[in-house]
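The chains referred to below are lettered A, B, ... by the order of the sequence lines, with proteins before strands, and numbering in each begins at 1.
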Amino acid sequence: MLSIKNLHVSIEGKEIIKGLNLEVHPGEVHAIMGPNGTGKSTLAAVIAGREGIYEVTEGEIFYKGKDISEMAIEDRAREGIFLGFQYPVEIPGVSITNFMRTAINEIRQYKGLEQISAANFLKDMEEAKKLVGIQSKLTNRSVNEGFSGGEKKKNEIFQMAMLKPDLAILDETDSGLDIDALKVVANGVNALKTDQNATIVITHYQRLLDYIIPDFVHVLYNGRIVKSGGKELALELESKGYDWLKAEA
Amino acid sequence: MANDENVLIDNVTRGEYKYGFYTDIEMDTAPVGLSEDTIRFISAKKSEPQWLLDFRLKAYQHWLTLEEPDWAHLHHPPIKYQEIIYFAAPKKKELASLDEVDPDLLETFNKLGISLEEQKRLSGVAVDAVIDSVSVKTTFTKTLQKHGIIFSSFSEAVQNHPDLIKKYMASVVPYTDNYFAALNSAVFSDGSFCYIPKGVRCPVELSTYFRINAANTGQFERTLIVADEGSYVSYLEGCTAPMRDENQLHAAIVEIIALKDAEVKYSTVQNWYPGNSEGKGGVYNFVTKRGMCRGANSKISWTQVETGSAITWKYPSCILMGDNSVGEFYSVAVTNNYQQADTGSKMIHLGKNTKSTIISKGISAGHSNNSYRGLVRMSRRAENSRNFSQCDSLLLGDKCGAHTYPYIHNENKSSIIEHEATTSKISEDQLFYCLQRGISEENAIGLIVNGYAKEVLKKLPMEFAVEAQKLLTISLEGSVG
Ligand SMILES: Nc1ncnc2c1ncn2[C@@H]1O[C@H](COP(=O)(O)OP(=O)(O)O)[C@@H](O)[C@H]1O
Ligand SMILES: [Mg+2]
């Protein structure tokens, strides 16, 4: 599904990701952990195709067997890459409903499908709302405008449920959530899981991983994956912190 | 980073106007240039009464004493008034079918969701006599007649209702008002007249679309709307479809009079040719629009969506004369490429307890310049009056400009004037968020801009609002996709 080979990324001439390798197969859940500022969000943005400040200086990203380095952000999204944002953006005056309908119809158009019917769209919305436990009214409000931290994160998972991506990258979806909200979000992610899709969960607490059980845990440190293992690695990190990894990095 | 963002926004906004000009129009024209003879020619063509000719001539004499205003934040080569043809009755060359119409224009129509029938009408295709729109028109006219509503071309009204025209014409915008008002008063070609009798609530939106002979009002349009006591009307001017016009200079006058307890809602979409992406050509639009809330408890609201013209000079205003009267101005002005807009509103509070609201949303892209210019005046008599103004500017890219010039005069202590202004940019984060959901750059900008302008768009009548939304997206779209 996703294969990253020797990826190097710089921001304003400073190397942030320094030779990263990652293999993700359908049906897998990967967790990427690591202290603040190690490049987790940078990695997510680069997989999604963001340019601007991010400069890929070396390496390749293959998605579904294709090198996607030249593929536009929106086409990666239409091919099934979804990014749950660490800091979801406000879009004043644009209702979630309108936003989602626009997105879904553009994706459908890309795939040569006709526009979604109003009835099906509403049905999908109801299901997705139920899944993440968001109130009906919320989808009439402007995207993320005046949302609480928890509402913003739930809204990301709601959109994931609507778009049914093949590869979901969830960037610190757990931060700012109380334990109840965390469970709701985790249940949503688990419910969307199939053996065809894959999830990358980015977090720096192991707490989320009590609810979303990863097949693999990777530790990102100083721009490299310094250690990979099973879910027990998360527990180890929880008890020991990150400092012991300095030696390995 | 700033650079990439600019390239992106540049691509998205460097849209070409989707339509060129028709040529091949036979004219029945006045001699080139402006003189008393020209004015006599126009007046005679329209078989006008002597008093109206006298009015035109007085306006002309006054215009000769004036100088073109230069206070607006606008730059253009001098207008050569003696090289303009002031009267031309275009004989429409009808096309046999839509197949003969410029495919680009049809594409724009389709994007706007304009019906086939409407497409034919707008592009000058001969309309078959059996089709619906004719019967719709007839039903429409009957409905108005039943309520005693007068809705006709200005010229017809001069012939059929001279007393009303004499009484109200130039009562809100005298020919002495400003340079372009004087010019219009001297040479106005045609326009609309509308009268709503006492106590009548006009049951339909009055749209210039339904006015017989609406198509050719010329470049000096004149509109007069009179709402008698206790009446209500919603009036729509213009359309979202691209307006083709050979005339570079447009100087219109719109006057609204609301008597006691009357309400007038005036909505307009202006989409004249803005010139090409290098800033060549395009319409100069110098309009004087003013409403007078003459009676107590009357209300006038202006809603405008301005996307066209190379130059827009336009300040729809309200004179709040009656006690408790209300004036509103809601505006979205988009400028792209080399367009320039200097627009805003004046609210003149004369009566007690009068209220006004100004919501202005400027959107600038490309190398354009977008200025808000507004005046709020509370006279000494206007006790306990209030104004709220909100003027927001949205910038796409860093080559465009946004300016705000609010003028405030408060002559009494019991009145309150509030002014808020913001300037924002479409952020790269917002664009990335949209793109990451599979939305194209073009639609992402469309969504963000429409969200930004929502407060104004929702004031438009429903069908108009839907079209205006699409129009905003199209006005900013570029070579992408
Ligand atoms: N917009 C930016 N401008 C400059 N440096 C940035 C920017 N965004 C991130 N960085 C730097 O890149 C590094 C990695 O950031 P990030 O990927 O957000 O880390 P993480 O998500 O692991 O906390 C940090 O050192 C951060 O300061
Ligand atoms: Mg981060």
Side-chain angles (χ1 to χ4, degrees), chain A residues 11-12 44-45 47-55 71-96 98-111 141-145 152 155-156 159-160 162-165 168-169 171, chain B residues 1-9 11-12 111 113 330 332 359 361 363 390 392-394 422-459 465-466 468-470 472-473 477 480-481:
Chain A
I11 298 179
E12 289 165 354
I47 297 172
R50 188 166 191 174
E51 292 176 342
I53 57 166
Y54 305 102
E55 195 192 344
M71 195 185 272
I73 301 166
E74 63 271 31
D75 286 340
R76 297 187 197 203
R78 293 162 184 170
E79 291 286 348
I81 295 178
F82 176 89
L83 176 56
F85 284 71
Q86 180 173 5
Y87 305 109
V89 183
E90 297 186 3
I91 311 178
V94 180
S95 71
I96 294 183
N98 189 16
F99 183 67
M100 273 292 101
R101 200 177 43 207
T102 307
I104 286 174
N105 280 331
E106 284 212 48
I107 294 168
R108 291 178 68 94
Q109 190 184 357
Y110 176 82
K111 294 183 173 162
R141 285 172 48 189
S142 299
V143 178
N144 294 319
E145 198 184 27
K152 283 185 182 171
N155 182 26
E156 294 297 290
Q159 293 180 41
M160 176 181 163
M162 291 297 288
L163 300 173
K164 301 198 175 55
I169 303 162
D171 191 358
Chain B
M1 146 178 129
N3 237 355
D4 269 11
E5 186 180 346
N6 287 339
V7 170
L8 173 70
I9 287 173
N11 281 335
V12 177
K111 281 187 180 172
Y330 300 101
V332 177
I359 308 284
K361 303 273 182 179
I363 300 162
Q390 169 87 48
D392 298 330
S393 311
L394 183 68
T422 66
T423 301
S424 50
K425 279 187 131 187
I426 290 190
S427 74
E428 209 202 344
D429 287 343
Q430 281 176 323
L431 276 178
F432 178 57
Y433 193 77
C434 295
L435 294 172
Q436 209 298 307
R437 298 304 185 242
I439 298 170
S440 63
E441 287 163 357
E442 207 168 284
N443 282 340
I445 288 185
L447 268 180
I448 295 167
V449 163
N450 273 296
Y452 167 78
K454 192 179 190 175
E455 213 178 332
V456 172
L457 295 176
K458 73 181 183 202
K459 297 286 174 187
V466 173
Q469 272 176 27
K470 293 182 196 155
L472 288 190
T473 310
E477 97 184 359
V480 188

query: Can you say whether the rings of B/Phe432 and A/Phe85 are parallel (under 30°), tilted (30 to 60°) or perpendicular (over 60°)?
result: perpendicular
- prompt: Any side-chain heavy atom of A/Glu106 sitting closer than 4.5 Å to one from B/Arg437?
  reply: no
field: Sub-4.5 Å side-chain heavy-atom contact between A/Ile81 and B/Gln436
entry: yes
query: Which value, rounded to the nearest 0.5 Å, describes the distance between A/Ile73 atom CD1 and B/Ser440 atom OG?
result: 12.0 Å
field: Atom pair CZ/CG of A/Phe99 and B/Asn443 - distance to nearest 0.5 Å
entry: 11.5 Å
Main-chain N/O of B/Gln430 paired to A/Glu90 side chain as donor or acceptor, under 3.5 Å: no
message: Quick check against the 3.5 Å criterion: does A/Arg76 have a side-chain atom that pairs as donor or acceptor with the backbone of B/Gly438?
response: no
Shortest non-hydrogen contact between [X] and [Y], atoms and distance:
| X | Y | value |
| --- | --- | --- |
| B/Ile439 | A/Glu74 | O-CB, 3.7 Å |
| A/Val89 | B/Asp429 | CG2-O, 3.7 Å |
| A/Asn98 | B/Leu447 | ND2-CD2, 3.8 Å |
| A/Val94 | B/Gly451 | CG2-CA, 3.9 Å |

message: Is B/Tyr433 in contact with chain A via its backbone, its side chain, both, or neither, using a 4.5 Å heavy-atom distance?
response: both
- request: Counting only heavy atoms closer than 4.5 Å, note whether A/Pro165 contacts chain B via side chain, backbone, both or neither.
  value: neither
query: Checking heavy atoms, do the side chain of A/Leu163, its backbone, both or neither come under 4.5 Å from chain B?
result: side chain
